[in-house]
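Below you'll find the structure, written out as structure tokens, and then a few comments.
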Amino acid sequence: ILYVGKISYDNAFDEKREYIGNSAKSLGRVLGESIEDNVRMVRMLSSQRIIIQALDTGRDEGGAGQDRIRAYLSDDKSFYSICAFNRQGQVVAGATSAGGDLRGKSITDQAAAQDVLSGKERGIDAKITRSENGKLVYHVAYPVTNSQGQRIGGLILGVDLESFNAVHVD
């Protein structure tokens with residue numbers, strides 16, 4: 001009886017381990033696809049005329065860039081923050097979903113922003129950080145270029161990991 005019990009336990013354990021392994025693989029695939037979706041989103045945002053103009057001139061004339069950023073934050077609840085930053089790493093237009101104003105802040109401590117400032121095509125911060133209101137966030141950044149093709153800064157998107165609570169893994 002003990003032998004049969006041990007075999008049953010081992011089989012159940014192996015099935016559970018396989019299920020957990022498959023779930024982890026599926027979750028990894030979903031997270032990878034989400035990161036790529038966020039890279040596409042930050043690339044699209046970085047091409048917005050209002051963002052380019054704010055970075056090219058060094059100021060967000062009339063707050064148009066700030067208004068556009070706040071609109072994107074209110075439209076997509078998976079975003080925690082969006083910042084347009086200049087070549088010195090100073091935020092020209094930026095906000096958080098909690099209503100925080102990030103203009104004038106330095107973004108140079110974010111690895112994704114550092115990647116873009118150092119000349120890389122894009123930046124993805126593998127380190128998950130905790131925001132001031134306790135949300136777990138990862139960052140994706142993309143360079144912003146002007147009409148002459150010069151890199152004038154970047155755009156960084158903070159993604160709220162709580163948005164993955166809604167993800168269903170097959």
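As a basis for the values below, the full set of heavy atoms in this structure was taken, side chains included, without hydrogen atoms, waters or symmetry mates.
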Can you tell me how far [atom2] of [Y] sits from [atom1] of [X], rounded to the nearest 0.5 angstrom?
| X | Y | atom1 | atom2 | value |
| --- | --- | --- | --- | --- |
| Met44 | Ile51 | CE | CD1 | 10.0 Å |
| Gln48 | Leu55 | CD | CG | 12.5 Å |
| Ser78 | Asp160 | OG | CG | 8.0 Å |
| Leu45 | Arg68 | CG | CZ | 9.0 Å |
| Met41 | Tyr72 | CE | OH | 5.5 Å |

Within the 4.5 Å heavy-atom criterion, are [X] and [Y] side-chain neighbours or not?
| X | Y | answer |
| --- | --- | --- |
| Phe85 | Lys105 | no |
| Val159 | Val137 | no |
| Ile52 | Ile152 | yes |

With clusters defined by side-chain heavy atoms of hydrophobic residues (ILVMFWY) lying less than 4.5 Å apart, directly or transitively, does Ile69 cluster with Val91?
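The answer is no; the residues belong to distinct hydrophobic clusters.
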
If every non-hydrogen atom of [X] is compared with every non-hydrogen atom of [Y], which pair is closest and at what distance?
| X | Y | value |
| --- | --- | --- |
| Leu73 | Ser97 | CD1-N, 3.9 Å |
| Ser81 | Leu102 | CB-CD1, 4.2 Å |
| Asn86 | Leu117 | O-CD2, 3.6 Å |
| Leu157 | Asn38 | CD2-O, 3.9 Å |
| Val116 | Tyr142 | CG2-N, 3.8 Å |
| His139 | Gly158 | CD2-CA, 3.6 Å |

Residues forming a side-chain hydrogen bond (donor to acceptor under 3.5 Å, both in side chains) with [X], sequence neighbours excluded:
| X | result |
| --- | --- |
| Gln148 | Asn146 |
| Arg40 | Asp37 |
| Thr57 | none |

Thr145 side chain vs Gly149 backbone, donor-acceptor pair below 3.5 Å:
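Between the backbone of Gly149 and the side chain of Thr145 there is no qualifying donor-acceptor contact (under 3.5 Å).
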
Using modelled atom types and a 3.5 Å cut-off, is there a donor and acceptor pairing between side-chain atoms of Arg43 and backbone atoms of Ala141?
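Here the side-chain-to-backbone pair does not exist.
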
Got a sec, which pairs hit salt bridge (charged side-chain N to carboxylate O under 4.0 Å, His left out) with one end in [range], sequence neighbours left out?
| range | answer |
| --- | --- |
| residues 93-104 | Asp101-Arg103 |
| residues 48-64 | Arg59-Glu61 |
| residues 70-79 | none |

For side-chain contact (heavy atoms from CB on, under 4.5 Å), just list the numbers for Ile156 and Ile107, CA-CA rounded to whole Å, side-chain angles, deciding distance to a tenth of an Å, and then say yes or no.
CA-CA 9 Å; Ile156 189 165; Ile107 199 85; 3.9 Å; yes

